[in-house]
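Notes to accompany the following structure.
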Amino acid sequence: MPFEGAPAAGGDDGCLRRVMAVPLTLLYAAAALCCHAALITRPSGSWDADAYGTIALMCFLALAACALGLLLTLAPPTVRRAMGRWWLAPPLVLGAIAAARWILGG
């Protein structure tokens, strides 16, 4: 007979959800900051290689953070079941923004 504080036989995904929410939120916040930096950086002209380099770097970092967040969410089956589908939205949206900015350049 289990005692009252024991988790159910199916497991408790609430604790895993709270634990995984912290690194995913930090990754998505970093990706959002990189996207913001890439979007507000404006080259002074076609000769401004530093601004173009900054845009490319920020877009790359945003895409890397989004890819890592997707990997953390999708790779382990227990995390995939616990987190839910809405955790896939931020990296997909931020990744699309970063990729569009990188492709369109300045």
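Nothing fancy with the numbering, it's 1 onward along the sequence. Quick note: numbers below take in every heavy atom, side chains included, and nothing from hydrogens, waters or symmetry partners.
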Task: Shortest non-hydrogen contact from L94 toward C35 - done: O-SG, 3.4 Å
Task: Distance-minimising heavy-atom pair for M83 and R17 - done: SD-CA, 3.8 Å
Open item on the list: Could you see if W86 belongs to whatever hydrophobic cluster contains L88? Use Ile, Leu, Val, Met, Phe, Trp, Tyr and a side-chain cutoff under 4.5 Å.
Closed with: no
TODO: Answer with yes or no whether the hydrophobic clustering places M58 together with F60; edges join I, L, V, M, F, W, Y residues whose side-chain heavy atoms lie under 4.5 Å apart.
DONE: yes
Task: Joint hydrophobic cluster, L57 plus L63, side-chain heavy atoms closer than 4.5 Å - done: yes
Task: Shortest non-hydrogen contact from A98 toward C59 - done: O-SG, 3.4 Å
Open item on the list: I'd like to know if L70 and L72 are part of one continuous hydrophobic network [Ile/Leu/Val/Met/Phe/Trp/Tyr, side-chain heavy atoms within less than 4.5 Å].
Closed with: no
Task: Shortest non-hydrogen contact from A51 toward T41 - done: O-CG2, 3.9 Å
TODO: Evaluate the ring planes of Y28 and W87, with Trp represented by its six-membered ring, and classify them as parallel (under 30°), tilted (30 to 60°) or perpendicular (over 60°).
DONE: tilted
Task: Distance-minimising heavy-atom pair for A56 and W102 - done: CB-NE1, 3.6 Å
Open item on the list: Just verifying a value: how many Å separate D50 CG and S44 OG, rounded to the nearest 0.5 Å?
Closed with: 10.0 Å
- [ ] Starting at CG of L71, measure out to CG of L27 and round the result to the nearest 0.5 Å.
- [x] 10.5 Å
Open item on the list: If I compare all heavy atoms of C34 with all of L61, which pair ends up nearest, and what's the gap?
Closed with: SG-CB, 3.8 Å
TODO: Report yes if the side chains of I55 and P43 come closer than 4.5 Å at any heavy-atom pair, otherwise no.
DONE: yes
Task: M20 side, atom CE; T73 side, atom OG1 - distance, nearest 0.5 Å - done: 6.5 Å
